[in-house]
Amino acid sequence: MKALLMKDLYMAKKYCWSYAIIVVAFLAAALAGSSSNLLFLAYPCLMTGMIPTTLLAYDERLGWTTYSGGLPYNKTQLVGEKYLLGLLFELVVLALTLGCFVLSQGRSGGVDARALFGLGLLLFAAALLPGAVQLPAMLLLGTERGRIACMGFLALLLVGSMALSPQSVSGVQSTPGVTLSLPILAGLAAAAILLYALSFLFSRSRYPGKLKD
């Protein structure tokens with residue numbers, strides 16, 4: 001598993017550097033005072049969730065899915081590594097995003113702890129969705145068709161984030177748009193974790209080749 005993680009980290013460094021530029025740009029916008037709109041905080045997490053699917057597309061293009069059949073790995077390891085890598089990237093970007101939110105709001109009078117916790121739950125749930133949907137879709141429909149289908153799903157998430165402000169996810173402060181309480185957000189996070197686990201099981205069953213589980 002360690003060797004697989006290292007392989008994908010090297011690939012991410014070579015092929016996914018543009019993701020880092022986009023994440024930095026949106027976090028800079030949040031630090032500049034645009035964090036009143038959830039879009040600037042949600043987009044880095046959503047974008048990071050797409051990295052495993054990008055790496056899977058390169059695996060197919062470079063023949064890795066065929067080559068890996070001759071290596072001492074099973075489907076659980078090959079597929080699970082993509083999900084683990086995605087989770088690690090998402091946690092790092094989530095920590096950076098929440099840090100930017102704290103710094104931005106700190107300049108304007110402080111941060112409500114419930115709002116921060118609620119925002120963390122919402123962004124964590126949102127970060128899991130791209131990988132949970134895209135990976136099985138790409139394995140089921142093929143790389144290109146699966147990517148197109150999931151871009152529409154990502155667009156819906158972005159539109160939804162524009163209807164919320166970071167403070168509206170705590171249920172503490174009255175703000176325009178939808179207000180979500182902490183129990184609802186905790187339920188969303190739990191549902192996202194369950195979906196991520198089910199997505200892994202499905203992707204493992206659809207992984208090409210005749211490797212053992």
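Predicted model only: the values in this text are computed from it and were never measured.
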Using side chain to side chain contact (heavy atoms under 4.5 Å, CB included) as the criterion, list what pairs up with [X], not counting sequence neighbours.
X: L121; value: F117, L185, A186, A189
X: I22; value: F26, Y43, M47
X: L9; value: M6, L85, F89

pair [X]-[Y]: side-chain heavy atoms closer than 4.5 Å:
X: Y73; Y: V79; result: no
X: P130; Y: T53; result: no
X: W64; Y: L55; result: no
X: L128; Y: L195; result: no

Looking only at non-hydrogen atoms, find the nearest pair between [X] and [Y] and report the distance.
X: P136; Y: G131; answer: CD-O, 3.8 Å
X: L123; Y: A42; answer: CD2-CA, 3.7 Å
X: C16; Y: I51; answer: SG-CG2, 4.2 Å
X: P44; Y: T97; answer: CB-OG1, 4.2 Å

Using a side-chain heavy atom cutoff under 4.5 Å and only I, L, V, M, F, W and Y, what cluster partners does I21 have?
W17

Same apolar cluster: [X] and [Y], side chain cutoff 4.5 Å:
X: V102; Y: F124; answer: yes
X: L91; Y: L188; answer: yes
X: V93; Y: I193; answer: no
X: L116; Y: V92; answer: no
X: V24; Y: L103; answer: no

Side-chain donor/acceptor of S203 to backbone N/O of F200, under 3.5 Å:
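Such a contact is absent between S203 side chain and F200 backbone.
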
Donor-acceptor pair, distance only, cut-off 3.5 Å: does the side chain of Q77 make one with the backbone of N74?
yes

Tell me the side chain to side chain donor-acceptor pair (under 3.5 Å) pairs involving residues 189-202, sequence neighbours left out?
Y83-S199

Rounded to the nearest 0.5 Å, how far does CD of E90 lie from OG1 of T48?
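If I round to the nearest 0.5 Å, the distance is 7.0 Å.
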
Please, which pairs that meet salt bridge (Lys or Arg N to Asp or Glu O under 4.0 Å) have at least one residue in residues 76-88, sequence neighbours excluded?
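Qualifying pairs, neighbours excluded: D8-K82, D59-K82.
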
